[in-house]
Colleague: 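There's a structure below that I have some questions on.
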Amino acid sequence: MIHHLEVAVGGIRVVKKDNQIYSVSPIFVLPEHQGKGGAQKVFTMVEQIYDDAKSWKLGTILQEKGNCYLYEKIGYKNMGATKVINDKITMVFYGNHL
């Protein structure tokens with residue numbers, strides 16, 4: 001759960017995939033709390049909690065430009081792989097090697 005002033009404003013799920021490889025799926029922040037730096041802080045906190053991680057992976061919707069911008073801003077790299085779900089949704093995958 002992601003909190004701001006003791007109020008739940010979003011959530012994040014971290015999954016250990018393989019030896020020291022973690023995945024974020026999903027992360028979400030309520031619209032009225034987006035764009036305020038909260039997700040960046042959560043990623044910093046999660047990476048500190050799971051300090052044994054060698055790399056992180058996540059997927060997002062390519063058409064959600066704000067998500068892609070956030071992940072690239074905090075250092076995640078587009079892995080170049082995509083998966084078309086339908087004519088409106090394409091998944092894109094990011095990784096961050098520490």
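Reckoned from all heavy atoms, side chains included, excluding hydrogens, waters and symmetry mates. It should be emphasised that the depicted structure is a prediction, and the values quoted were computed from it without experimental measurement.
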Colleague: Taking the side chain as every heavy atom from C-beta outward, state whether R13 and V24 have any atom pair closer than 4.5 Å.
Modeller: no

Colleague: Tell me, with the steps shown, if Q63 and T90 meet side-chain contact (heavy atoms from CB on, under 4.5 Å).
Modeller: CA-CA 7 Å; Q63 291 81 358; T90 301; 3.5 Å; yes

Colleague: Carefully, step by step, assess M91 and I61 under the rule side-chain contact (heavy atoms from CB on, under 4.5 Å).
Modeller: CA-CA 5 Å; M91 294 297 296; I61 298 171; 4.0 Å; yes

Colleague: Can you tell me how far NZ of K88 sits from CG of L62, rounded to the nearest 0.5 angstrom?
Modeller: 15.5 Å

Colleague: Which atom names give the shortest non-hydrogen contact between F93 and G59, and what distance separates them?
Modeller: CD2-CA, 3.8 Å

Colleague: Return each pair, listed once, that meets side chain to side chain donor-acceptor pair (under 3.5 Å) where at least one residue sits in residues 18-32; pairs must be two or more places apart or across chains.
Modeller: Y22-D52

Colleague: Give a yes or no on whether K83 atom NZ has more than 12 heavy-atom contacts from other residues, nucleotides or ligands under 6.0 Å away.
Modeller: no

Colleague: Using the rule that Ile, Leu, Val, Met, Phe, Trp and Tyr join whenever any side-chain heavy atoms are under 4.5 Å apart, tell me whether Y50 and L58 fall into a single cluster.
Modeller: yes

Colleague: Check step by step if side-chain contact (heavy atoms from CB on, under 4.5 Å) holds for N78 and V92.
Modeller: CA-CA 7 Å; N78 185 323; V92 62; 3.5 Å; yes

Colleague: So if you build clusters from Ile, Leu, Val, Met, Phe, Trp, Tyr with side-chain heavy-atom gaps below 4.5 Å, do I49 and W56 land together?
Modeller: yes

Colleague: Return the minimal non-hydrogen interatomic distance between I21 and K57, and the atom names on each side.
Modeller: CG2-CE, 3.9 Å

Colleague: Considering non-hydrogen atoms only, spot the tightest contact between L70 and A39 and give its length.
Modeller: CD2-CB, 3.7 Å

Colleague: May I ask you to test the E47-N96 pair for a side-chain heavy-atom distance under 4.5 Å?
Modeller: yes

Colleague: Using 0.5 Å steps for rounding, measure from the NZ atom of K41 to the NZ atom of K36.
Modeller: 11.0 Å

Colleague: Can you list the residues that meet the ring-ring contact (aromatic ring centres under 6.0 Å, His included) rule with F43, with sequence neighbours excluded?
Modeller: Y71, Y76

Colleague: Report whether M45 and I74 are members of the same hydrophobic cluster (ILVMFWY, side-chain heavy atoms less than 4.5 Å apart, transitive linking).
Modeller: no

